[in-house]
Structures are given as structure tokens and as C-alpha cells.
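Take a look at the structure below.
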Amino acid sequence: MSELVALEGIGVRFPVGGGGLFGGRRRYLTAAADVSFGIAEGETLALVGESGSGKSTLGNVVAGLQVPSAGALRFRGQAMDRAVWKQARAAIQMVFQDPFGALDPRMPVSALIAEPLRIQGTGSPAARRARAAELVAQVGLPVDALNRYPHEFSGGQRQRIAIARALAPRPALIVADEPLSALDVSIQSQILNLMKELQERHHLSYLFISHDLAVVNHLVDRVAVLYLGRLVELAERASLFAKPSHPYTRALLESVPRIGRRRQRGRTIAGEMPSPLAPPPGCVFHPRCPKAEDVCRREVPRLDPAPGRPAHLAACHFRE
Ligand code: SF4
């Protein structure tokens, strides 16, 4: 599979406090640090981690909504200069967690779906209406949905409208930021199935951002695990779920509730995530890691292959 998008050493920092009339020390919040991964044509890559891990920030970087403070992005092998971004803008679309917030309540569905095309100046008004009608059918909504408004639909139907809108410019990649977490469990599987079906039909890639590993296990090819803005593990789904190499990934997997005879609650991960304003030295996971040793407090571990698994990378001095 050829590479569609690549992130190379991406860092994102936000200034916090300081400056202004009263001066004070300006500090920096590190939302992402030295993150590198690629997404292949037709691939689904999940970005997972607890809240505050930097998942959405990286999704925004890929979608062009956040300018990184460090590193570079490539699209189909080309560095993202102004001309490449022009092509990439249509080719990379986004679906958000809250479909209601993402849809202008004053616009009918036909105009909402056609809006990205109108903004790009693609096609005549009649061609854009025809594209909206085609997409409404593809996402499983009735044709009369075109003349109705977002508030007339359920949450799941609104997410279908948001997906149709993202598909309008014929993207190669959809960045889906927690697209299921505002929906009822029964609706989640319908939207997951729709996303799979659309992927096959349009040969789409997805960057699927989620805190829910059970959902990830149903959809994705590879998983990137983030902790405090750092990429700590990157592997094929089967390898990661069967034999996680990083202690944080193991803890995340153990925290997923299991369905057995009795519904069991998953174990929680010990301690709290440190502040991104003052990340710990060495391995950022060391304050919570049951395997931490002195070297972990001193040296940042590299993202290297796990023993015997060249495609399974983990950033741990004691990777398994
Ligand atoms: Fe734990 Fe050390 Fe590995 Fe970090 S490097 S995850 S602290 S064992």
C-alpha cells in the first residue's frame, strides 16, 4: 500500500499564561512531541489514548486545522507546501464527535452536504444538488432528508449527514474524531458498519481517533497509542491486541470492561496523567509504570521494534 499522509517528528506546543500587562513567565503546554507515523491508501489507523493524550491535536494537524510547532507533513510523498495543501484540503476531510455542533442548524441537508463543494467552487449548483442526493442514499437516509434540517434527525442520522458531507469532495482520507462517542451503543455499530462499507466503496483511508479500544478492535488495521503527546506504541491491530509491548498499552487494554458471565469493570490505570506543562523527564510514563527502573527516569526510550516483531514498535526500555 502506498503512503497517503506521513507525519515526521510533529510537535505542537501552546503558550500558556505570561505576557500581557502584568508580564509573568510564559509557559508552554506540550500537546504533541516528536510524533511520526504514516497512513497508507485504504488503511484505517486508530489513534488511541486517554483524554489529554494529544489525539485530537494530531487529528487537527493532519486535517490542516492546527499548524504544528515542529516537524513536517507529507501528502502522497510531497512536502506540504501551499500548492500541495490546496490538493490535500479536498482530499482530507473531518468528521467530529458532535454531529449537531458540526452542522449549521439553519441549513437544509442538501446545502449542508454540498457546502464543501460550494466553498471549493466545484460543479454547478445543479451538480452539487445531484451529488448531495447521491450521498444521502449512500449513507442510508431517505431522499426527503435533503429538504429537512439537522434538528429533525436523531444523533445517528445526524452523524450520517456529517459523513455524507465529508464524502462530498471525494476525499482520500477522513479524520474521524471520536465519531461514535456521542451515540447510543446500538447506533454505534450501525455507524461503524456504514464507515466500513463506505471505505470499501470509495477506497478511503481513515484516521480513527478513539478512547474506546473495543470499538477500535472492530474497524482498524493498525493502532497508534499516545501518552502525554508521545507515540508510545505503533503496531498492527492483531499484534497489539494479542501481545502489547508497552506497559501503558497493556494497562489500557486491561482497563477495557469485559463481558463474561457477569459484566466486569475493567481495571483502572494507577495514578493520574502528569501535567503537559511539566512532563516528567526520561520516559513520560515512569510515574505510573509498574516496571519503571532508574534508567526510565533518566533516558527517553526510542520507538523501536519489539523483539522478533519488526513492524511492532514500542517506546520502552524494557519492551516485550
Ligand atoms: Fe515503564 Fe520504563 Fe518502559 Fe517507561 S521505559 S514504560 S517507565 S519500563
Side-chain angles (χ1 to χ4, degrees), residues 7-13 27-38 45-59 69-71 208-214 216-217 220 222-258 265-320:
L7 284 75
E8 295 169 353
I10 293 291
V12 179
R13 294 201 313 162
R27 299 200 295 163
Y28 287 89
L29 183 153
T30 303
D34 196 19
V35 175
S36 301
F37 61 80
L45 177 79
L47 268 186
V48 304
E50 293 167 282
S51 120
S53 61
K55 313 183 288 290
S56 294
T57 301
L58 285 168
S69 334
F208 191 88
I209 298 169
S210 181
H211 68 282
D212 186 341
L213 283 165
V216 164
N217 199 8
V220 311
R222 284 189 306 147
V223 185
V225 183
L226 290 170
Y227 182 78
L228 208 63
R230 278 77 174 165
L231 183 55
V232 297
E233 189 153 4
L234 177 64
E236 293 192 348
R237 176 183 53 84
S239 182
L240 185 121
F241 278 84
K243 208 170 167 205
S245 178
H246 195 282
Y248 176 62
T249 311
R250 278 202 294 282
L252 261 190
L253 288 172
E254 281 167 11
S255 71
V256 176
R258 290 173 198 205
R265 292 192 57 172
R267 275 194 246 161
T268 52
I269 303 174
E272 285 190 5
M273 195 184 286
S275 165
L277 283 168
C283 170
V284 286
F285 188 55
H286 83 249
R288 300 172 82 184
C289 182
K291 291 180 67 180
E293 295 195 14
D294 279 351
V295 63
C296 307
R297 294 178 250 283
R298 285 193 319 266
E299 288 177 26
V300 177
R302 289 164 36 141
L303 188 72
D304 279 338
R309 294 186 286 172
H312 189 135
L313 310 178
C316 174
H317 294 302
F318 306 104
R319 64 184 72 80
E320 289 184 7

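Both ligands and their constituent atoms are indexed starting at 1 by order of listing.
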Could you tell me, atom by atom, which parts of ligand 1 come under 4.0 Å of a heavy atom of His246?
6 (S)

Backbone N/O of Ala314 and side chain of Glu233: donor-acceptor pair under 3.5 Å:
no

According to the interplanar angle, ranging from 0 to 90°, do the rings of Phe285 and Tyr227 count as parallel (below 30°), tilted (30 to 60°) or perpendicular (above 60°)?
perpendicular

Value rounded to 0.5 Å, distance of NE2 in His211 from OG in Ser53:
11.0 Å

Numbering as shown, the atoms of ligand 1 that approach Cys316 to under 4.0 Å (heavy-atom distance):
3 (Fe), 5 (S), 6 (S), 8 (S)

Contact atoms of ligand 1, heavy-atom distance to Cys283 under 4.0 Å
4 (Fe), 5 (S), 6 (S), 7 (S)

Numbering the atoms of ligand 1 from 1, which are under 4.0 Å from a heavy atom of His317?
3 (Fe), 5 (S)

Atom 2 (Fe) of ligand 1: which of Cys296, Pro247, Cys289 has the nearest heavy atom?
Cys296

Residues Glu236 and Lys243 bridged, charged N to O under 4.0 Å:
no

Taking 4.0 angstrom as the limit and counting only heavy atoms of Phe318, give me the atoms of ligand 1 inside it, by number and element.
8 (S)

Donor-acceptor pair, side chain of Arg288 and main chain of Ala270, under 3.5 angstrom:
yes

